[in-house]
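First comes the structure, then the notes that go with it.
Residue numbers begin at 1 in each chain, while the letters A, B, ... track the order of the sequences.
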Protein chains: 2
Amino acid sequence: MTLTRESILEAALRLCSPEGGGQLTFSRLGKELGADPTAVYRHFRDKDELVLALTDLVIQEGIELARQTLPDGPSDDWRAWLAVTAHSVRTSHLARPALAVLAAARTTASPAETHSVEQLISVLHRAGLPVIEAAECYRALLDMTLAMTQYTAAFSILDRQAQEQDEAAWAVKYGMLPEDEFPLLHRSAPRLTELFRDDDTVFALVLDTFLDGVAVRIGRAGEA
Amino acid sequence: MTLTRESILEAALRLCSPEGGGQLTFSRLGKELGADPTAVYRHFRDKDELVLALTDLVIQEGIELARQTLPDGPSDDWRAWLAVTAHSVRTSHLARPALAVLAAARTTASPAETHSVEQLISVLHRAGLPVIEAAECYRALLDMTLAMTQYTAAFSILDRQAQEQDEAAWAVKYGMLPEDEFPLLHRSAPRLTELFRDDDTVFALVLDTFLDGVAVRIGRAGEA
DNA sequence: GCGCCACTGTCAATGCCATTGACAGGTGCG
DNA sequence: CGCACCTGTCAATGGCATTGACAGTGGCGC
């Protein structure tokens, strides 16, 4: 029944999943492991270190997920490459919303991802972007993806009450728009309501528009 | 010396500013007000309600900021309109990072912003986008902006130690890249290091690319 | 002017959280 | 055999939001 780094990480990941209760605390972790909560301190200096280790696992999982979808060798379909990467990162994080929230803004310089990044930049470079610009583009895409994912995760962690409260507020707001004062808003209200808690669709929208923008940049680089 | 809703909100905003110490707690708030911490409960049911009220103020401030920069009447420069709006929202939130973090994922259906949204959609509609698509675009832009802003805010709240730890990890990582294995990454390392904690630049990059994408959509709508 | 009530601030207590220091059993190595 | 280390336990600390009991204070009808 002795704890190991691995068994702890595993249990912690379980707790962070939506079914796991949604909150990662030492006492819950202790219960999950059938051990005293403070036993974890023998393996991780503090919660931060634990979170960092967990984040690393999730990143690797995301990379793995992307690898499964993407071809092994270099591909010239930069758009698919970027889209798949972004969605993989998002999916693996959303599988543990509680962790995504805790990991907010912490950047683990995981060695595992280095290779992926090189590939990503390479794809963009071969598409016609100068190296530096390709790197900037990778950075922008990843930051945007992580930010939006954590945003979604944060909401999914809230208790029902707060969620319903927000939703009700929006419904009222969009239902009562005087047509003469807000004609356009009035016409788009149904769509906006649909979009209200469909963060996935909104993300897809942002990603798609972003990629259109990247295409423009690639075009500009080509003609120069 | 009696507390009012206004004096409390004011003090709370002060605490949320970077100079204010970075954390909003009832005990700090009590100290700031020269009153018992629990006195605040006479004016706000719980912390959540307080945060929602504060968020509302910040939103109004953002709208005001945008209004100062933008022309009064309708303009046809949709790009400037969107960019100014996004930057205003970001700036007003970043003035109180601690609040931005707390407000994550809470959407106050503030009546104050309705007019702004109508204008935004109108600008996009006149640029050539169908109404629904214009609304989607507004939603995408705002979500992206809020998400990235809260991402930045979350980092700026971290204690020095964590920040430096992250930065050191990155520096090591990018300094030790074997040139033969990661040729592109090696060449872009300086730029990526520059970008490391310059979230503003990264945001500008994302926004710019996103707007390029919007331009593409407007073009497509025009030719159809 | 008297009494009542709603409002507002105070105080002490509760329960959850991360973290720490003292302690104890065990294991392996000299 | 004995000693250090590893690992788990236990009790305690300090920060946090929140609650319930209590008290002063103002205004209102009578």
Between [atom2] on [N] and [atom1] on [X], what's the gap in Å once rounded to a whole number?
{"X": "F26(B)", "N": "dC16(C)", "atom1": "CZ", "atom2": "C1'", "value": "16 Å"}
{"X": "D36(A)", "N": "dA22(C)", "atom1": "CG", "atom2": "P", "value": "17 Å"}
{"X": "Q161(B)", "N": "dT19(C)", "atom1": "CD", "atom2": "P", "value": "11 Å"}
{"X": "L15(B)", "N": "dC16(D)", "atom1": "CG", "atom2": "P", "value": "11 Å"}
{"X": "Q23(A)", "N": "dC17(C)", "atom1": "CD", "atom2": "P", "value": "8 Å"}
{"X": "K47(A)", "N": "dT20(C)", "atom1": "NZ", "atom2": "C1'", "value": "17 Å"}
{"X": "E49(A)", "N": "dT19(C)", "atom1": "CD", "atom2": "C1'", "value": "14 Å"}
{"X": "L24(B)", "N": "dG15(D)", "atom1": "CG", "atom2": "C1'", "value": "14 Å"}

Y41(A)/F26(A) aromatic ring centres below 6.0 Å: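 Yes; F26(A) has its ring centre under 6.0 Å from that of Y41(A).
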
Just checking, is any N or O donor in the side chain of [X] or [Y] under 3.5 Å from an acceptor N or O on the other one?
{"X": "S17(B)", "Y": "E19(B)", "answer": "yes"}
{"X": "T4(A)", "Y": "S7(A)", "answer": "yes"}
{"X": "T152(B)", "Y": "R90(B)", "answer": "yes"}

Polar side-chain atom of D143(B) near backbone of L146(B) as donor-acceptor pair, under 3.5 Å: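 Absent.
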
Flag, side chain of Q163(B) to backbone of L158(B), donor-acceptor distance under 3.5 Å: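 Side chain of Q163(B) to backbone of L158(B), a donor-acceptor pair under 3.5 Å: yes, one is there.
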
Residue whose nearest DNA chain C nucleotide is more 5′ - T25(A) or T38(A):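 The residue closer to the strand's 5' end, by nearest nucleotide, is T25(A).
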
Protein-nucleotides 5-7 of chain D N/O pairs closer than 3.5 Å?
none

5' precedence on DNA chain D between D48(B) and P37(A) (nearest-nucleotide basis):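 Checking each residue's closest nucleotide, the 5'-ward one belongs to P37(A).
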
